[in-house]
Engineer: 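Following this message is one structure expressed as structure tokens.
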There are 2 protein chains.
Amino acid sequence: MVFLGSKMIEQAMNPDKTNCSCENCLLKSLFFTHISIDALTDICEIKQEREYNKGDIIISEGDKIKDFIYLKEGLVKLSKKSADGKDQIISFSKPFDFVSLLSIFSSEEYKYSVTAIEDSVTCNIALDIVKNMAQNNAMFAMNLMTRVSEATDHIVLDNLEIKRKHLRGRIAHILLYFSDHIYGRNEFELPISRREIAEYIGMTTENVIRTLSEFRKDKIIKIYGKDIEIVDLKRLKTIREHG
Amino acid sequence: MVFLGSKMIEQAMNPDKTNCSCENCLLKSLFFTHISIDALTDICEIKQEREYNKGDIIISEGDKIKDFIYLKEGLVKLSKKSADGKDQIISFSKPFDFVSLLSIFSSEEYKYSVTAIEDSVTCNIALDIVKNMAQNNAMFAMNLMTRVSEATDHIVLDNLEIKRKHLRGRIAHILLYFSDHIYGRNEFELPISRREIAEYIGMTTENVIRTLSEFRKDKIIKIYGKDIEIVDLKRLKTIREHG
DNA sequence: ATTACCGAATGATATTTATCATATTGGATT
DNA sequence: AATCCAATATGATAAATATCATTCGGTAAT
């Protein structure tokens, strides 16, 4: 065979990988849109893809930050253990988000944990290399900054939203979050437990369960274990806004 | 006069300013440490200093983002008006913080307001110029990113802290925040009203007042209007950690 | 001087949420 | 099949917080 395609190069460099689908992956992510084909090839040579099963820990609080990590497939939660040992969920990340959220440029180690809440695939690139790219390619640095800003912006604003709502409003909020932002449909399987919902919205597990049951009795949602169907979207949105 | 110092140049370019003390100002800020003297002079020519009195609005939610703004002197609050018209305070910024927090790179307009809670001075530089600098100077971009990350990181983690505490712990938290991070002393004048404390910690004004009174009765703090003196630091820290 | 208003303060009461107790279910393990 | 354990579920009660009412003092406006 005479023609040596980029895929073949990748396979040579990353023998444990059967393919490097960065082209698709990165194209879909606005973040990387400006990277030239050459740079793309580079990334394919140096990146590592990692697969995780639902429940697997991707990053543990306190881990040294070695890689720049972004989510190619799946869904993850960012969480932090508080002094009294309780977990608090900071946010969720979906594909093309950076798992490496804020701390990567301001800290040596992660201040939060990242856990797969659905089967997930990450792309890992050594942080040194990303920093190097940023220093040699100001457009890249700008785009990176923009994306990091967007992500954190969203976390801060979302937290504010939740803060001003009561129990029912918070439950409505997270149901609509999964429905609108993650799954894009009215029926979906909750990727997290009632306890994790509680850890995210800052209420107790019992009250989360009770409220979901209320919504069911009020015929706003249907519940089959983790499967949720939003029946009365309008009312759920009203509850989100006005309790 | 033969010698034409940089200060004279600045005065010529910015006739409304009597001096351009960027050298000091910027040196103190880690962010700008890498900028060469030449770049410094440039900034002096293009920046604008603005003075605000306590209570003045620096940025209104929805304003177009035109400038990169950082705080040279004073103290400001970042806040957002929620759908039902209530203000929520996101965070406070002290000198050498960026007032232009997250949104500057990810949005066309501010998603929050910025208000002086002490007499303040800002340095404003057209955003285009800063973006240009970032594109031509990758180190600058990296430092900028690092600083933005640090700031937002802090907001997110601080919010988590507050979220897991009860009323008394939240009050202890904010008192110690002002004492430790802003003023560096055990007695200080609260820069904000009881209502604003409530808007920050997410409780009602009445409960803020009641709790402060409790702390006074328990001889943990002394209160003279807005003047606060922390008398029993140890106990206040215990309350912050364990309620 | 008078009025009006806002921040601070306090108490009584109502509402919201947490805690505790107890079942039930379903999955994993032996 | 038996056992264990975690998640889900529900009710009763306790605790935390909000709401409402009222007062006091300062200060800005008329």
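Chain letters run A, B, ... following the sequence lines, proteins first, then strands; residues in each count from 1.
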Engineer: Mind calculating the distance between CD1 (B:Ile221) and P (C:dA8) to the nearest angstrom?
Structural biologist: 13 Å
Engineer: Taking CZ from A:Arg170 and C1' from C:dT16, how many angstroms apart are they, rounded to a whole number?
Structural biologist: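 Computing the A:Arg170:CZ to C:dT16:C1' distance gives 11 Å.
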Engineer: Does A:His181 have any ring-ring contact (aromatic ring centres under 6.0 Å, His included) partners at least two apart in sequence or in another chain, and if so, which?
Structural biologist: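 In terms of ring-ring contact (aromatic ring centres under 6.0 Å, His included), with neighbours along the sequence ignored, A:His181 is linked to A:Tyr177.
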Engineer: Distance check needed: C:dT16 C1' versus A:Ile171 CD1, whole Å only.
Structural biologist: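 So the CD1-C1' distance, A:Ile171 to C:dT16, works out to 14 Å.
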Engineer: Show the nearest heavy-atom pair for residues B:Gly55 and B:Thr115, with the distance to one decimal.
Structural biologist: O-CG2, 3.6 Å
Engineer: So which of residues 188-196 of chain B are in contact with DNA chain C, with a heavy-atom cut-off of under 4.0 Å?
Structural biologist: B:Ser193, B:Arg194, B:Arg195
Engineer: Would you mind checking if A:Lys81 and A:Asp87 are paired as a salt bridge, meaning a charged N to carboxylate O distance below 4.0 Å?
Structural biologist: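 Looking at A:Asp87 and A:Lys81, the cut-off is met.
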Engineer: So, OP1 or OP2 of D:dT8: does either fall under 4.0 Å of a side-chain N or O from A:Lys226?
Structural biologist: yes
Engineer: Heavy atoms within less than 4.0 Å of DNA chain D: which residues of residues 198-211 of chain A have one? Give them sorted by number.
Structural biologist: A:Glu206, A:Ile209, A:Arg210
Engineer: Take the protein atom CD of B:Glu214 and the nucleotide atom P of D:dT17, then report the distance between them rounded to whole Å.
Structural biologist: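 Spelled out: CD on B:Glu214 to P on D:dT17 is 10 Å.
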Engineer: Does the distance from a Lys or Arg side-chain N to an Asp or Glu carboxylate O, for B:Arg164 and A:Asp84, drop under 4.0 Å?
Structural biologist: yes
Engineer: Starting from C1' on C:dG7, measure out to CG on B:Leu212 and report it in whole angstrom.
Structural biologist: 13 Å
Engineer: Closer than 4.0 angstrom, basic N to acidic O: yes or no for B:Lys47 and B:Glu49?
Structural biologist: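 Yes, this pair counts.
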Engineer: Between CD1 of B:Ile174 and CG of B:Asp158, what distance do you get to the nearest 0.5 Å?
Structural biologist: 9.0 Å
Engineer: Any salt bridge (Lys or Arg N to Asp or Glu O under 4.0 Å) involving residues 234-243 of chain A? Give me the pairs, sequence neighbours left out, ordered by first then second residue.
Structural biologist: A:Asp232-A:Arg235
Engineer: So for the helix from C:dA1-D:dT30 to C:dT30-D:dA1, with five pairs setting each end axis, what is the inter-axis angle to 10°?
Structural biologist: 40°
Engineer: At their closest point, which heavy atom of A:Ser120 faces which heavy atom of A:Leu71, and how far apart are they?
Structural biologist: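 Between these two residues, the closest heavy atoms are CB-CD1, 4.0 Å.
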Engineer: Under 4.5 Å between any side-chain heavy atoms of A:Ile239 and A:Ile220, yes or no?
Structural biologist: yes
Engineer: In this structure, how many angstroms lie between the P atom of C:dT17 and the NZ atom of B:Lys165, rounded?
Structural biologist: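 From B:Lys165 NZ to C:dT17 P: 21 Å.
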Engineer: Figure out the NZ/P separation between A:Lys86 and C:dA18, and round it to whole Å.
Structural biologist: 10 Å
Engineer: Under 4.0 Å between a Lys/Arg side-chain N and an Asp/Glu carboxylate O for B:Glu109 and B:Lys111?
Structural biologist: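 Salt bridge flag = no for B:Lys111 with B:Glu109.
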Engineer: Taking only residues two or more places apart in sequence or in another chain, which ones pass ring-ring contact (aromatic ring centres under 6.0 Å, His included) with B:Phe215?
Structural biologist: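 Expected list: none.
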Engineer: Within this structure, what is the NZ-to-P distance between B:Lys163 and C:dA18, rounded to whole angstrom?
Structural biologist: 12 Å
Engineer: Between B:Arg216 and C:dT10, is there a side-chain N or O to OP1/OP2 distance below 4.0 Å?
Structural biologist: yes
